[in-house]
Amino acid sequence: MEADKGKVCVTGGTGFVASWLIMRLLQHGYSVHATIRPDPEHKRDVSFLTSLPGASEKLQIFQADLSVPESFEAAIKGCIGVFLVATPVDFENREPEEVIVKRAVEGTLGILRACLNSKTVKRVVYTSSASTVEFSDKVVDTMDESFWSDVDYLKSISYFNFGPYIISKTLTEKKALEFAEEHGLDLVTVIPSFIVGPFICPKFPGSVHTSMAMILGEREQYVFLLNLSMVHTDDVARVHIFLFENPEVKGRYICSSHTMTIEDLSKFLSAKYPEFPIPTLESLKDIEGYKTPGVSSKKLLDSGFEFKYGLDEMFDGAIQCCKEKGYL
């Protein structure tokens, strides 16, 4: 453990990215205020967080709800940094798109106001998604931070049931950057591609699940693998800390280390994991759908960050965790 670096707040503490980030922040010497959704009956098991090394001294858990932005004030009080990782995800489409977008935007802006009012928060790191960049009618091989997904275009292609999620992430990131600019709040955004690798949360993370579709034999997910940009779990956590600690950085940062077509992924997986019945190239010929462009991390690399992990570590880590947690 490093020396005490001060208090930071991480929202959405039980999630895939947030839980791994909390583990790394504790190791880096930070005290962490983690927020979780209200759990009045204390039925949620948070022992995977409270049992982390250093957690008994340096981790405090607060209950807060994006629908009630002021509920985050107690967790933010006294913090030097805030990592906004929580997302109001609803992949089952139980709620209308307007409701999801309204909660995401208003909740995030409410938290940003609390950051301003705290007088102690020096920087906010907002976790966005490559889906805020990749969806438009622009035909290019690779996109950078200057690209934004087009909400009208998204509605026209009806991208499975991910439309409301992508629209809410796109509009929320835009509004967060506008708010920060207007109020003089130091905010940077992390834009990870598909996050693949180990996880400590009990729930099977969606991006890990989809990236392993060929291993799991879930053909309905193959459409998302046509041109897959990926990054290791730990590199995503490292980027959050790097952007928080580096005073020179500004604006949006794509975080993605590898891009592979479905054919290349099939070859890689079948060569590396012969024990799994990976689909043949022939059987993948009829997979059709929206092929997302690659995304470039040039801006991040130019700022001095270096990726640490390759495809081997991503899939080794994911498979190992899935076996340990009974998903494989």
Side-chain angles (χ1 to χ4, degrees), residues 1-15 17-36 46 49-50 52-66 68-87 107-128 172-173 175-192 234-253 255 300 303-305:
M1 294 287 165
E2 294 184 24
D4 186 33
K5 288 189 172 178
K7 268 188 205 133
V8 292
C9 174
V10 178
T11 69
T14 55
V17 175
S19 55
W20 198 274
L21 175 59
I22 289 166
M23 177 176 75
R24 288 292 181 237
L25 286 165
L26 291 170
Q27 287 173 350
H28 274 72
Y30 290 98
S31 294
V32 180
H33 287 183
T35 72
I36 66 170
V46 292
L49 294 176
T50 54
L52 287 169
S56 54
E57 304 85 39
K58 293 197 158 188
L59 176 65
Q60 267 185 281
I61 292 179
F62 294 77
Q63 297 197 8
D65 185 345
L66 265 181
V68 189
E70 55 273 21
S71 63
F72 288 85
E73 286 170 6
I76 291 169
K77 192 178 178 187
C79 288
I80 56 168
V82 176
F83 296 89
L84 292 186
V85 194
T87 300
T108 301
L109 295 184
I111 297 170
L112 294 182
R113 280 188 201 96
C115 293
L116 271 181
N117 297 338
S118 75
K119 309 292 185 214
T120 55
V121 173
K122 294 187 172 68
R123 174 169 283 171
V124 178
V125 180
Y126 172 78
T127 313
S128 188
T172 304
E173 190 193 350
K175 292 284 188 196
L177 287 162
E178 284 167 14
F179 178 94
E181 179 75 24
E182 198 180 315
H183 294 88
L185 181 66
D186 187 347
L187 177 136
V188 291
T189 68
V190 181
I191 304 173
D234 197 47
D235 275 333
V236 176
R238 291 175 61 243
V239 163
H240 280 76
I241 296 169
F242 172 82
L243 292 177
F244 176 64
E245 293 182 344
N246 184 341
E248 306 303 312
V249 300
K250 282 182 173 51
R252 312 174 84 200
Y253 287 86
C255 172
L300 179 64
S303 71
F305 183 80

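Residues passing the side chain to side chain contact (heavy atoms under 4.5 Å, CB included) test with T120, sequence neighbours excluded: S118. With sequence neighbours excluded, no residue forms a side-chain hydrogen bond (donor to acceptor under 3.5 Å, both in side chains) with N117. Annotation: side chain to side chain contact (heavy atoms under 4.5 Å, CB included) contacts of T14 (sequence neighbours excluded): I36, R44, V46, F48, L49. Residues that satisfy the side-chain hydrogen bond (donor to acceptor under 3.5 Å, both in side chains) test with T108, not counting sequence neighbours, are absent from this structure. Qualifying side-chain hydrogen bond (donor to acceptor under 3.5 Å, both in side chains) partners for R113, counting only residues two or more places apart in sequence or in other chains: none. Taking F179 as the reference, H183 meet the ring-ring contact (aromatic ring centres under 6.0 Å, His included) condition, with sequence neighbours excluded. Considering only residues two or more places apart in sequence or on other chains, Q60 meets the side chain to side chain contact (heavy atoms under 4.5 Å, CB included) condition with H33, F62. A search for salt bridge (Lys or Arg N to Asp or Glu O under 4.0 Å) contacts involving D234 returns R24, not counting sequence neighbours.
Although no hydrogens or angles enter the test, the distance criterion places no donor-acceptor pair under 3.5 Å between the side chain of S128 and the main chain of V190.
The shortest distance between side-chain heavy atoms of L21 and I241 falls below 4.5 Å. Using a 4.5 Å heavy-atom threshold, the side chains of P53 and L26 count as separate. Side-chain atoms of L243 and T189, non-hydrogen and from C-beta on, never get closer than 4.5 Å to each other.
Closest approach of K175 to L109, counting heavy atoms only: O-CD2, 3.8 Å. Between C115 and V121, the closest heavy-atom pair is O-CB, 3.8 Å. Shortest non-hydrogen contact noted between R238 and F305 is NH1-CZ, 3.4 Å. Here the shortest heavy-atom pairing between I80 and G6 reads CD1-CA, 4.2 Å. Across every non-hydrogen atom of A18 and G12, the tightest pair is CB-O, 3.0 Å. Between A64 and T35, the closest heavy-atom pair is CB-CB, 4.1 Å.
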Worksheet item: What's the verdict on side chain to side chain contact (heavy atoms under 4.5 Å, CB included) for V236 and W20, showing C-alpha distance, side-chain angles and the deciding distance?
Response: CA-CA 9 Å; V236 176; W20 198 274; over 6 Å; no
Discussion item. Before you tell me yes or no, could you show the steps for F83 and L25 under side chain to side chain contact (heavy atoms under 4.5 Å, CB included), namely the whole-Å CA-CA distance, both residues' side-chain angles and the distance that decides it to 0.1 Å?
Written reply: CA-CA 11 Å; F83 296 89; L25 286 165; 4.0 Å; yes
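The distance from the OG1 atom of T11 to the OH atom of Y126 is 9.5 Å, given to the nearest 0.5 Å. To the nearest 0.5 Å, atom CZ of residue R252 and atom CD1 of residue I191 are 3.5 Å apart. Expressed to the nearest 0.5 Å, how far CD of E173 lies from CG of L84 amounts to 11.5 Å. L116 contributes atom CG, which lies 13.0 Å from atom CD1 of I111 (distance to the nearest 0.5 angstrom).
Listed by first and then second residue, the salt bridge (charged side-chain N to carboxylate O under 4.0 Å, His left out) pairs that reach into residues 68-78 come to none, sequence neighbours excluded. Sequence neighbours left out, the pairs with a member in residues 239-250 that pass side chain to side chain donor-acceptor pair (under 3.5 Å) are K5-E245, Y30-E245, T127-H240.
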